[in-house]
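Basis for what follows: all heavy atoms, side chains included, without hydrogens, waters or symmetry-related copies. Every chain is numbered from 1 and lettered A, B, ... according to where its sequence line falls, protein lines coming before strand lines. Not measured: the values here are computed from a predicted model.
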Number of protein chains: 2
Amino acid sequence: MGFTSICINEKKNEFLLQQGQVCNSLFYIDKGFCKSFFEIDGAIKNTAFYFENEIATNIKSFESGQRSDSNLIACEPLTVIIFDKDKLFQIAKESIEIETLGRNCIRSFAAKQEEFSNLYKLYSPQERFEYLEKNYPSIIQRVSLTQLSSFLGISRETLSRIRKRRFHK
Amino acid sequence: MGFTSICINEKKNEFLLQQGQVCNSLFYIDKGFCKSFFEIDGAIKNTAFYFENEIATNIKSFESGQRSDSNLIACEPLTVIIFDKDKLFQIAKESIEIETLGRNCIRSFAAKQEEFSNLYKLYSPQERFEYLEKNYPSIIQRVSLTQLSSFLGISRETLSRIRKRRFHK
DNA sequence: GTGATTTTGTGACAATTGATACAGTTAATA
DNA sequence: TATTAACTGTATCAATTGTCACAAAATCAC
C-alpha cells in the first residue's frame, strides 16, 4: 500500500498548483499560508487565502478532473500535507474514519465557499472588510492590503479609503 | 428501514427552509426552480437560484448542524426530492453507490459555490452578467431582473443600465 | 547598512453606481 | 374582465469607486 499523504516544505512564492494543471490533491496547511489567484489581463486577482489547519485546493478541478483555471502559491514558507485524490479514495474505502474525514473536509470547504460567496451579494465593500475583521482576523492581519483588495473585489485605493474612514470615526 | 427520499410538490412562494431552522436535507429539483435568500434590514437579497437536476441546500447548516441564516423558497410550482441527512448517511454506509452519489453532490455543490464566488473577485458587474448569459442562460431567462440584481450584487437600476448599454452596441 | 523593491497613503478627476421617484408595461389573481 | 401587484425603464443627483500619478514608509536582499 502506498503513502496516503506526503509532508512537504515550500519556499515563499512556490506553486502548489498551476493554471492548466489538474488538481489531484487536497493540501492541508500545517504552517504558513497560501493563496489561490487568477491572472487576468496581466493583473493578479486573489480569490482565497488558506491558513493553518485549513484545506486548500481547487475544488472544481479536483471534483471534475478538468484543468485548473487558478493557481495555488505559498505566501510564506509553507508546510503542507498533500493528500492524493486516488490514494485518498482508495484508503477511504478501507477506513470509515478516513472516509468521514475526507467528506467533512469537502463539506466544510463548500460551506466556506458559500459563506464568502454571499458576502458580495449581501454587503458593501466596507461591510465585507468589517466582516473579515470580525470573523477572519487572520486574513486582515497577515495579508497585505494590496493582496487583500482583489479578494474583496475592490481596488487597492478603495481599501485604503475604507480603513481611513474607519479610523476617523 | 425508512424511506430514503420523499418526493414533494410545493406551490410558488412556499418555503423549503426557513431562517433559524437547521437544514437537514438535500433538495433535488425535479421540476421548477427555487432560490435562497436573506432578508437584511427589510430588503430581500437573493444568493442562489436552483434549477432542474440541481441540488439545493444550505450547505453550511447542513454541514455544521447550525441554524440556517438563509431561506429556501419555491419560485415556481416545484417538484423536489428531499434527501434526509441522517437517512442518507445511514444508507450510504450500506451502499457504495449512494455514498458516491452523495459525495459527488456535495463536491459539485462546492465547485459551483467556488465558481460563483470568484465572479465577484474577477469581474465587473457587466462582465458577471455576461458570464451568466454565456454559462448559465437559464438564470437570465427565468429569473426577473428585480430578483437577479441582488444575486449579481448590484442594484436593479444598474442591471437595467447594463442591459441598455449592451443592446446599443 | 544600503540600495532596491514592495507596500501604503493620498490627491485629482472621470466613470460607475446607488437612492429616490415616477411612469409604463406585464403578470397574477379574484 | 377588472383589479391589483410586480416588473422594467429612466431621469436626477449624491455618493462611491476606479484610474492614474506620485511620495512616503516599510520590507527585503545583498
_Closest-nucleotide ordering on DNA chain C, the 5'-leading residue of T158(B) and T146(A)_ = T146(A)
*Which atom pair, heavy atoms only, marks the closest approach of C34(A) to L72(A)?*
SG-CD2, 4.3 Å
*asked:* At less than 4.0 Å, is any side-chain N or O atom of R163(B) found next to OP1 or OP2 of dG9(D)? Yes or no.
replied: yes
*Could one point to a donor on the side chain of R156(A) or the base of dG18(D) with an acceptor on the other under 3.5 Å away?*
no
*Fit a plane to each ring of F116(B) and Y136(B), take the angle between them on a 0 to 90° scale, and name the class: parallel (under 30°), tilted (30 to 60°) or perpendicular (over 60°).*
tilted
*Write down the atom of L148(A), the atom of L132(A), and the distance for their closest heavy-atom approach.*
CD1-CD1, 4.1 Å
*Taking for each residue the nucleotide of DNA chain D with the nearest heavy atom, is it Q147(B) or E157(A) whose nucleotide lies nearer the 5' end?*
Q147(B)
_Atom-pair distance (NZ on K12(A); P on dT5(C)), nearest Å_ = 15 Å
*Should R165(A) be listed as having a side-chain N or O under 4.0 Å from OP1 or OP2 of dA15(D)?*
no
_Check ion pair R142(B)-E52(B) (N to O, under 4.0 angstrom)_ = yes
*Donor-acceptor pair under 3.5 Å: do we get one between R161(A)'s side chain and the base of dG11(C)?*
no
*Look at all strands and tell whether S144(B) reaches a base, only sugar-phosphate, or nothing, counting heavy atoms closer than 4.0 Å.*
sugar-phosphate
*Check the distance between dT8(D)'s P and L159(B)'s CG and give it to me in whole angstrom.*
9 Å
